[in-house]
Amino acid sequence: MRTLASFSCALLLCSVSAFGQNGLAAKPPMGWNSWNHFAGHVTDADVRSAADELVSTGMRDAGYVYVNVDDTWQGERDAQGVLHTNSRFPDMKALGDYIHSKGLKFGIYSSPGAKTCGGYAGSLGHEAQDAKMYASWGVDFLKYDLCSFQDNMNQAKAEHPNDPNAAKDLMIAAYRKMGDALKATGRPILYSLCQYGVDQPWKWGPGLGANMWRTTDDIDDSYGRMIAIGFSQAGLSKYAAPGHWNDPDMLEVGNGKMTEDEYKTHMSLWVILAAPLLAGNDLSKMSDSDKSILMNKDAIAIDQDSLGKQGDRLYESGDLDVWTKPLSGGRVAVGLFNRSWSVREVSVDLAAIGFRNGGNVRDVWEQKDMGQRKGVVTETLPKHGAALLIVSK
Ligand code: GAL
């Protein structure tokens, strides 16, 4: 009996780590989120047209299926504690139905604190009630953002000065509470933690059913911020797996403040990182270049590869960086990055990444096969540029 019990336990743990507790996010989630472009002004109409555009641009068919309403949809709670929407979101159930009718999934946003980061009502003290309401609206994804819960953590720290874990324990309990509330609804709802990497969520997130967790503070539409986040992910690859992923924040591709080469660097890094790919641009105003970056099939396939491994840094030399990501079938994706302000050559030795006898090289951004190569492969990259290669036997 003892042997049987521990065997089933081992099986259970195995299934938790392989697929996530709710069976979701076998691959890094893909979709669109309202925040990076619409921020606090988002409306029901904006979200419906984003759903329409996901379909008409081909983004949905490329894999971008979540339509996530970020902060600022909330109104006031009534005497029964039921949270109502504000006037910009007249009917969330109808919005969810609309999104679903397009073959897409519906995401929403809240906070473990009393207030969200935008100062709207959070879920503190109403976790089960809110989770049930989301399920009744047909919600498929919850982003749960720390925000004002940091006040509760500071208070815990002040009340327990000798307990170095007081704030951390309180935060984890709050995230567990909503994770349990989501599970109790019986509806599979993807659980996305947003607490900016405080206290290494990659170590405790999987244990409470998280499918992804932010690893850093917010991204913005600038090359400096984007690479600061992207290149700071070195060393985190071992914490990502099917069911739960490191999240270096949403995409800024198409928001207009980076060059095409910089957006290619952004996308190259994110797919090497097996990051969730949540577009954050105005989908009605995508240039051909935005579309070709966000919908490059090879780049998406690197992110979504069935092996489910996050990539990591191979080496760094001054402003030059080489990252690799193991892919199914013994293939390897290679990201070559030039962070300098001038044209530079960046190389990778195929022997150093498991191809002693050489391999077939495909250039993802050029969309061309470079044929059988052996030894050192060199790319000439513009300032802030990147090359993305797939090497196979
Ligand atoms: C931040 C979060 C952003 C966005 C914003 C909304 O804390 O990191 O992604 O959700 O709050 O207020």
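Note that the structure is predicted; figures quoted are calculated from it, not measured. All ligand and atom numbering here is 1-based and tracks the order in the structure.
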W73/W137 aromatic ring centres below 6.0 Å = yes
Any L350 side-chain heavy atom under 4.5 Å of R373 side chain = yes
Just to confirm my output: which protein heavy-atom neighbour is closest to [atom], and how far is it?
atom: atom 5 (C) of ligand 1; result: W35 CE2, 3.6 Å
atom: atom 3 (C) of ligand 1; result: D218 OD2, 3.5 Å
atom: atom 9 (O) of ligand 1; result: K143 NZ, 2.8 Å

List ligand 1 atoms under 4.0 Å from [X], heavy atoms only on the residue side.
X: C194; result: 2 (C), 8 (O)
X: M250; result: 9 (O)
X: Y196; result: 7 (O), 8 (O)

Is the closest heavy atom of D70 to ligand 1 under 4.0 Å?
-> yes
List in chain and number order the residues that pass salt bridge (charged side-chain N to carboxylate O under 4.0 Å, His left out) with D169, two or more places apart in sequence or in another chain; answer none if no residue qualifies.
-> none
Have a look at D145, D71, N68 and point out the one with the heavy atom closest to atom 11 (O) of ligand 1.
-> D145
Would L273 and L314 show up in the same hydrophobic cluster when neighbours are defined by side-chain heavy atoms closer than 4.5 Å?
-> no
Distance (rounded to the nearest 0.5 Å) between L388 CG and K325 NZ | 10.5 Å
Who pairs with C147 by disulfide (SG to SG under 2.5 Å), at least two apart in sequence or on another chain?
-> C117
